[in-house]
Amino acid sequence: MKKLVVAVIAVAVASSAMAGVLQVGQTAAAVEPGALTATAGVVLGLGDREDLTLGARCSMGVIESLLVAIDLGYETDGETVNMAIAGQYTLPVELPVDLAIRLDYTIVDLPEFEIMDMAMIMVSVQVSAPIEQVAGLAVYGGVGLGMGLWDDADMELMANIGGTYDLPVENLSMYAEVTHDGIRDDLAVGGGVVWAFQ
């Protein structure tokens with residue numbers, strides 16, 4: 001029962017990357033309970049909205065196949081601190097690719113860490129697969145729907161594509177990703193490094 005409560009809470013308040021702080025930055029593969037990672041990354045907005053976000057993430061496998069992540073980021077252009085909470089569940093299906101459902105909730109602005117009521121929510125489907133010809137390389141991508149939680153906000157299409165690569169340093173990997181944010185109507189590129197704790 002305790003595991004079920006944790007899972008419900010995690011998915012109910014889940015958030016992410018595509019909507020506001022770091023990007024997805026990971027595959028759809030299942031994670032082990034207790035698996036813990038730390039991520040440092042950057043996101044560069046392109047087009048009309050050119051901004052740079054510096055972010056950090058802590059991710060943990062809560063129960064089998066369920067990952068929960070918390071992001072904090074600093075947007076240099078607007079000088080704002082943003083926060084996101086994400087939940088990703090890998091579906092137990094036998095397919096040639098991993099398949100996961102991701103739910104994201106992002107608080108866009110936290111001036112002096114006082115939570116504002118400007119937020120975004122997104123639900124997406126993520127797929128990924130390792131590239132057998134290159135050891136340590138995997139590709140992932142997803143599509144979803146996002147909506148700003150403010151007056152007159154419309155539901156918009158979100159999309160992402162990226163890859164992860166295991167570096168020669170033990171427990172260290174990197175990712176690179178391109179996203180399209182329908183809410184902001186722009187493209188973003190980003191990347192980062194991930195440390196997996198033993």
Side-chain angles (χ1 to χ4, degrees), residues 3-4 6-8 10-12 14-39 41 43 57-71 84-106 121-146 155-182 187-198:
K3 288 183 179 180
L4 178 61
V6 170
V8 170
V11 173
S15 112
S16 151
M18 243 156 85
V21 183
L22 291 179
Q23 294 159 302
V24 173
Q26 61 199 51
T27 69
V31 296
E32 295 293 328
L36 185 65
T37 62
T39 302
V43 182
R57 167 182 296 157
C58 180
S59 301
M60 183 176 182
V62 181
I63 59 175
E64 186 175 358
S65 300
L66 177 65
L67 173 79
V68 174
I70 298 177
D71 293 3
I85 304 167
Q88 180 171 296
Y89 181 73
T90 301
L91 299 176
V93 292
E94 292 187 12
L95 294 172
V97 296
D98 294 310
L99 181 64
I101 296 174
R102 188 176 181 98
L103 180 64
D104 302 287
Y105 175 77
T106 303
I121 191 166
M122 183 195 71
V123 62
S124 67
V125 175
Q126 300 288 321
V127 297
S128 68
I131 303 300
E132 295 180 359
Q133 293 81 357
V134 182
L137 178 65
V139 295
Y140 63 90
V143 293
L145 293 174
M155 191 171 292
E156 301 288 350
L157 183 67
M158 319 285 279
N160 69 298
I161 186 169
T164 63
Y165 181 70
D166 294 334
L167 295 172
V169 179
E170 188 176 2
N171 300 330
L172 192 65
S173 62
M174 62 177 289
Y175 73 90
E177 184 171 333
V178 178
T179 60
H180 177 262
D181 184 335
L187 287 172
V189 296
V193 292
V194 182
W195 175 264
F197 294 92
Q198 291 288 355

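What you are looking at is a predicted structure, and each value in this text was computed from that prediction instead of being measured. Index from 1, following the sequence.
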task = Check each of Asp71, Thr39, Thr37 against Arg57 using the side-chain hydrogen bond (donor to acceptor under 3.5 Å, both in side chains) test, and report the only one that passes.
result = Asp71
Identify each donor-acceptor pair in which a side-chain atom of residues 132-145 lies under 3.5 Å from a protein atom, sequence neighbours left out, and give them as a table.
unit_1: Tyr140; atom_1: OH; unit_2: Gly25; atom_2: N; d: 3.4
unit_1: Tyr140; atom_1: OH; unit_2: Glu177; atom_2: OE1; d: 2.5

query = Which value, rounded to the nearest 0.5 Å, describes the distance between His180 atom NE2 and Leu187 atom CG?
reply = 5.5 Å
query = Should Val68 and Met60 count as side-chain neighbours, where that means a heavy-atom distance under 4.5 Å?
reply = no
query = With Val125, which residues qualify under side-chain contact (heavy atoms from CB on, under 4.5 Å), at least two apart?
reply = Leu99
query = Once you round to the nearest 0.5 Å, how far does CD of Gln23 lie from CD1 of Ile161?
reply = 12.0 Å
ask   = How about Met174 and Leu167: do any of their side-chain heavy atoms sit closer than 4.5 Å?
value = yes
note = Scanning both residues in full, the closest heavy-atom pair of Tyr175 with Val193 reads CE2-N, 4.5 Å
query = For the atom pair CG (Leu157) and CE (Met122), what is the distance rounded to the nearest 0.5 Å?
reply = 10.5 Å
query = Got a sec, which residues hit side-chain contact (heavy atoms from CB on, under 4.5 Å) with Ser65, two or more places apart in sequence or on another chain?
reply = Ala30, Tyr89, Thr90
ask   = Does Met158 reach the side chain of Asn160, with side-chain heavy atoms less than 4.5 Å apart?
value = no
request  = Taking side-chain contact (heavy atoms from CB on, under 4.5 Å) as the test, write out the residues that go with Ala28, two or more places apart.
outcome  = Asp98, Ala100, Gln126, Ser128
Derivation and outcome, side chain to side chain contact (heavy atoms under 4.5 Å, CB included), residues Arg102 and Val24 = CA-CA 9 Å; Arg102 188 176 181 98; Val24 173; 4.0 Å; yes
key: Residue pair Leu36, Cys58: steps toward the side chain to side chain contact (heavy atoms under 4.5 Å, CB included) verdict   = CA-CA 7 Å; Leu36 185 65; Cys58 180; 3.7 Å; yes
request  = Determine whether Leu103 and Ile121 make a side-chain contact, defined as any pair of heavy atoms from C-beta on separated by less than 4.5 Å.
outcome  = yes
inquiry  = Once side-chain hydrogen bond (donor to acceptor under 3.5 Å, both in side chains) is applied, do any residues pair with Asp166, and if so which ones, sequence neighbours excluded?
reply    = none
task = Enter the distance from Phe197:CZ to Ser59:OG here, rounded to the nearest 0.5 Å.
result = 10.5 Å
